[in-house]
Each structure stands twice: as C-alpha cells, then as structure tokens.
**Q** 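Can you read through this structure? Questions will come right after.
Remember, predicted model here, so these are calculated numbers, not experimental data. First the proteins, then the strands, lettered A, B, ... as listed; each starts at 1. Worth knowing before you read on, the calculation uses all heavy atoms, side chains too, and leaves out hydrogens, waters and symmetry mates.
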Protein chains: 2
Amino acid sequence: MQEPSCTGNGYVSQVASPTRERILDATLALVQERGFGGTTVTDIEELAGLSPGSGSFYRHFRSKEEAVREVYERELERAQRHRETFERGPVDDPPQALTRRITEQLDYMERIKPLITLLAREHGRFPDLEAKIGRSLLDQGITEEADHLTRDLHDHPAHGDPRALLAVVISAITGYHLARTFFGRSPADVTPERFASTLAELIITATLDPPDTPGDKTP
Amino acid sequence: MQEPSCTGNGYVSQVASPTRERILDATLALVQERGFGGTTVTDIEELAGLSPGSGSFYRHFRSKEEAVREVYERELERAQRHRETFERGPVDDPPQALTRRITEQLDYMERIKPLITLLAREHGRFPDLEAKIGRSLLDQGITEEADHLTRDLHDHPAHGDPRALLAVVISAITGYHLARTFFGRSPADVTPERFASTLAELIITATLDPPDTPGDKTP
DNA sequence: GTCTATAATCCGATAGAC
DNA sequence: GTCTATCGGATTATAGAC
C-alpha cells in the first residue's frame, strides 16, 4: 500500500525500491505457478499492485526476462543465506545427530522450494544461471554435507566408498522432497521423521558393519 | 517425409493417423523444451511437417490444451507398458539381484523421462492428469517394488520398518535420476553402477543386522 | 487433409502527460 | 514513479478453396 519511507534522510540509500521488490515477489509467485511463458507482464503488474496493462513494470526492469533473472539471483542468495544457518556444533549421539541432520536438510529443501521449483519448471531457459546455481547448490552443498557426515560419524569405521554413500544420502533426501512437491504426497506415505530416522539407521548400520564386497578379496 | 501408406486396404483401421501422431511427437518435444506457454501452435505445425501458421493443427485437435493432454495420456500408457517389461524371474544372489533391480529402475526412469519432465515443468497446470499419473506411478510402482524387494531379500531377516526402507530406496533412485536430469551431473559425480551397488549394499546390511532403536527396548 | 488468408485477441514494450 | 494510450508483432483459431 504505502512505502515505509526509508528515503527520508538518504541514509539507507542501498535499499531496493519497495515496488521493485514487490514486482520481484509477484514475478516469483507467477512464474512458479504458470511458468515463464505463461506469465504476462500485465499479470505481474496486477499482482504487484500496479495498474494492469500500464507499462509501469518497465520503469523497474528492461524486460520480463531481466526481472526473472533477478528473481533467480535473489533466490540463490536466499538459499545461500539459509545454508549458513546449518553451521551448528557437533552432536555426540550418532543416530540422533544423523536423524537431526537429515531432518534439517529436509527443512532446508522446503525453504529453498521456490528456487527448486524454478529450476524444475524453467529447466533449459537460462543455462548460465542453472550452471551457477548447480555449482552453488551441488558442489558447495555436497562438500559441506560430507564434512557434517564424517563429523557425525567420527567414531565409526569409515564406509568402503564414502563418496558413493554421500551420493545415496543426498539423492534420497532430494528425491523425498521432490516426490512430495510434485505429487503432494510422501513416497510410500512415510512421514519426514520416519524417513529421516530410517535413513540415519541405514547409514549407521553400513558404517558399523562394512561387509566385504563379494568377489573382492581384501588381504 | 511421406506416409508409409497403411491406409491402402482399410485393413488397419484402428491405427491413428500418422499426421496426428507426428503432431503429438512435436508437441511432446516442444513442451518438454519450452513448456506449455512457451510453445505455439505454429511451432508445433512446423515441427510436425505442416505449413507453419496454417491452422492444419486444428483439423486434428480442438486446441493446444487438448493435444497436450493427449500427450500426457500417451506417455502414461508408454510408461505402464515399460513397467511390464520388468516382470522377470527372481535371482538367487541377493547383492547382485538388488544391484540389478536398482539399475533397472534407473533405466526405467530414463525411459519415462519425457513423462517426468512434463510433470516437473507443467506441475499445477493439469491437476487431474497429475493425480492420475501420481496414482499410477507411485502407488502401482511402490507396491510392485515392495514385492520385488521382499522377493530379492527372501532369505534375509525383515527390516524393522520395511515401508520406510522402501520409501528411502525409491526416494534415492528418484533423486539420483532427477539430479542428473536437472543438473546434467550425477550427485557427487558417482556413476549409476557405483550408486546402485552402494544402495544395494546399504539395504542388505540393514536387513542383515537390524540394530535396536536407541530408547526402544524390545523384550 | 492441407493449404492460403484472415479475423480477433493478446502481449511485450514505448511515448508522453501528470 | 505511475498513469493513459497505443504501436507492432505474435498467437489462437476459423473460413473456404483445392
């Protein structure tokens, strides 16, 4: 409705215009719902509280594509900020620590859902942004998770192929989240808590009792 | 280029018109690539070998939406046919049987990739179709996979929470596939073979040595 | 069943008053 | 910075010849 007047003294000059921010919000919501091609500038203007059909949008962005690109960037920054929240101290009891770590990861995916939805829906339209986000989410996320995992399992024997174990864990968490998002139901109707504790138990059992690979005779 | 003339004797009367089929092919390819809103009927006509801009499309479908809906239905049928391929006999050696089962599941996801891409990209546009496909893929797939799993593990002790174990396995396979599709890379750069054998090993270890849940004192 | 041609609408983007 | 008004082009869909 009205701007909270932060331009009175010129002190907070770096703050983005509220209207601009509302346009980004509207763009995010609509592109998530209808996709880039299904969202019109008129729709965005209307949801942002501007007169639909007026070009007011264009006083803030050169084109629809520019606005959507900025939405991606903003969501990536948010995702990175959310990730920093997870830097908590180590916990002693491995099963509970792991279960909590996995639950945290599921919460994290829930929080960055907008970004994930954008990636899924507009896959292929902005390859540069996708590559950048992929690097940030996958590489950074994977190395950090690997650190957490080894820390949580500090007094367990190492797994035979820790990197593959990591891939399985990350895939499971990702897949559980996406199945819920896309179908509105959990796989096999299993709750997040049950999922987390089962996955944690799997990891711990595997690191407690690493079986010999059949056909692989270690001396 | 030219139709393989199967209308010569009227014998194969149930075969769909080749042009109609080409329109569906073109629609699938373009909607996968650009989304529903980003695909125009003119594009579809051009890719289907019709004169772009002519309404020839409309001699076969009432609207773009109708064609896309039919694409969904066709892909669902294909996915169901592909699933029937997996009904193979049981294998004796559990680790290898499980690894092969997981690899088969990954192959299956690769084959139904078009359907998965459609679901991801157009999520929310056709709720009825999504619900129908969700029921078919999730429910049917889950019960069948549960059967396979218990069969492959026939001489192993049961897991404490088989349904949750199933959810983890299905989530992992789904997540591995989707991460590859959306980012063009495997999670943690782990190959499908490595992924499958690691996941199989996890399952087997968990069913070989089911640990007591801490705080849960079973008599 | 495919074509040319076109109607009717929608959309992205701009110009200029306030 | 927002509005009214509008241009030019793209898009869905139809009409009618062949």
Side-chain angles (χ1 to χ4, degrees), chain A residues 1-8 10 12-28 30-31 33-71 122 125-126, chain B residues 1-8 10 12-27 29-31 33-71 122 125-126:
Chain A
M1 301 288 188
Q2 65 292 355
E3 315 161 19
S5 75
C6 43
T7 48
V12 206
S13 56
Q14 283 294 35
V15 171
S17 124
T19 306
R20 199 185 148 87
E21 226 43 37
R22 281 204 322 269
I23 290 178
L24 288 177
D25 293 342
T27 305
L28 172 63
L30 290 171
V31 173
E33 194 180 319
R34 314 177 192 170
F36 181 90
T39 300
T40 72
V41 173
T42 302
D43 293 336
I44 297 174
E45 286 172 333
E46 185 160 26
L47 189 57
L50 296 171
S51 175
S54 72
S56 297
F57 171 94
Y58 292 98
R59 296 284 170 172
H60 301 269
F61 299 96
R62 250 191 289 271
S63 67
K64 190 170 72 167
E65 171 162 339
E66 188 184 278
V68 175
R69 283 182 168 274
E70 211 145 312
V71 165
E122 300 305 322
R125 188 182 299 272
F126 307 111
Chain B
M1 302 290 191
Q2 66 289 0
E3 313 160 21
S5 76
C6 44
T7 48
V12 203
S13 56
Q14 283 292 40
V15 171
S17 126
T19 306
R20 199 183 148 90
E21 220 51 32
R22 276 197 334 260
I23 289 177
L24 288 178
D25 293 342
T27 305
L30 290 171
V31 173
E33 193 179 321
R34 313 176 191 170
F36 182 90
T39 301
T40 72
V41 174
T42 302
D43 293 336
I44 297 174
E45 287 172 332
E46 186 161 26
L47 189 57
L50 297 170
S51 174
S54 74
S56 297
F57 172 95
Y58 294 98
R59 296 282 170 173
H60 301 269
F61 300 96
R62 248 191 290 272
S63 67
K64 189 169 73 168
E65 171 161 342
E66 187 183 279
V68 174
R69 283 183 168 277
E70 210 145 312
V71 165
E122 300 305 321
R125 189 182 299 272
F126 307 111

**Q** Of the candidate nucleotides D:dT12, D:dA13, C:dG12, which contains the atom at the shortest distance from the side chain of B:Ser63?
**A** D:dA13
**Q** Under 3.5 Å, side chain of A:Arg22 to main-chain N/O of A:Ala48, donor-acceptor pair present?
**A** yes
**Q** To check you understand the geometry: which heavy-atom pair defines the closest contact between A:Glu122 and A:Phe36, and what is its length?
**A** OE2-N, 2.8 Å
**Q** I'd like to know if B:Arg22 reaches the base of C:dG1 with its side chain such that a donor and an acceptor end up less than 3.5 angstrom apart.
**A** no
**Q** Would you kindly give the CZ-to-P distance between A:Phe57 and C:dC11, to the nearest whole Å?
**A** 14 Å
**Q** A:Glu21 has an atom CD; how far is it from atom P of D:dG1, in whole Å?
**A** 13 Å
**Q** What is the distance, rounded to the nearest whole Å, between atom CZ of A:Phe61 and atom P of C:dT14?
**A** 15 Å
**Q** Quick one: closest heavy-atom pair of A:Phe126 and A:Val68, and the distance?
**A** CE1-CG1, 3.7 Å
**Q** Round to a whole Å and report the spacing from CD of B:Glu46 to P of D:dT12.
**A** 13 Å
**Q** Quick check: closest heavy atoms across A:Thr27 and A:Ala67, and the distance to 0.1 Å?
**A** OG1-CB, 4.4 Å
**Q** Figure out the CZ/C1' separation between B:Arg62 and D:dT12, and round it to whole Å.
**A** 16 Å
**Q** With the side chain of A:Ser17 defined as its heavy atoms from C-beta on, choose the nearest nucleotide among D:dG1, C:dC3, D:dT2.
**A** D:dG1
**Q** Between D:dT4, D:dT2, C:dT2, which one does the side chain of A:Ser56 approach most closely?
**A** D:dT2
**Q** May I have the distance from B:Glu66 (atom CD) to D:dT12 (atom P), rounded to whole angstrom?
**A** 15 Å
**Q** Distance check needed: C:dC11 C1' versus A:Glu65 CD, whole Å only.
**A** 16 Å
**Q** Which one, C:dC3, C:dA17, C:dG12, comes nearest to the side chain of A:Arg59?
**A** C:dA17
**Q** Let me spell it out: for each of A:His60 and A:Gly55, pick the nucleotide of DNA chain D with the closest heavy atom. Which residue's pick is nearer the 5' end?
**A** A:His60
**Q** Which comes earlier along DNA chain C counting from the 5' end, the contact point of B:Gly49 or that of A:Thr39, where each point is its nearest nucleotide?
**A** B:Gly49
**Q** Please name all residues satisfying side-chain contact (heavy atoms from CB on, under 4.5 Å) with A:Arg59, sequence neighbours left out, ordered by chain then number.
**A** none
**Q** Taking the side chain of B:Tyr58 as heavy atoms from C-beta outward, which of C:dG1, D:dA13, D:dC3 is closest to it?
**A** D:dA13
**Q** Are OP1 or OP2 of C:dT4 and a side-chain N or O of B:Ser51 less than 4.0 angstrom apart?
**A** yes
**Q** Could you please name the option among C:dG12, C:dG1, D:dT12 that lies closest to any side-chain atom of B:Lys64?
**A** D:dT12
**Q** Which residue, A:Val41 or B:Leu50, contacts DNA chain C at a nucleotide closer to its 5' end, judged by nearest heavy atom?
**A** B:Leu50
**Q** Quick one: which of C:dT4, D:dG1, D:dT11 gets closest to the side chain of B:Thr40?
**A** D:dT11
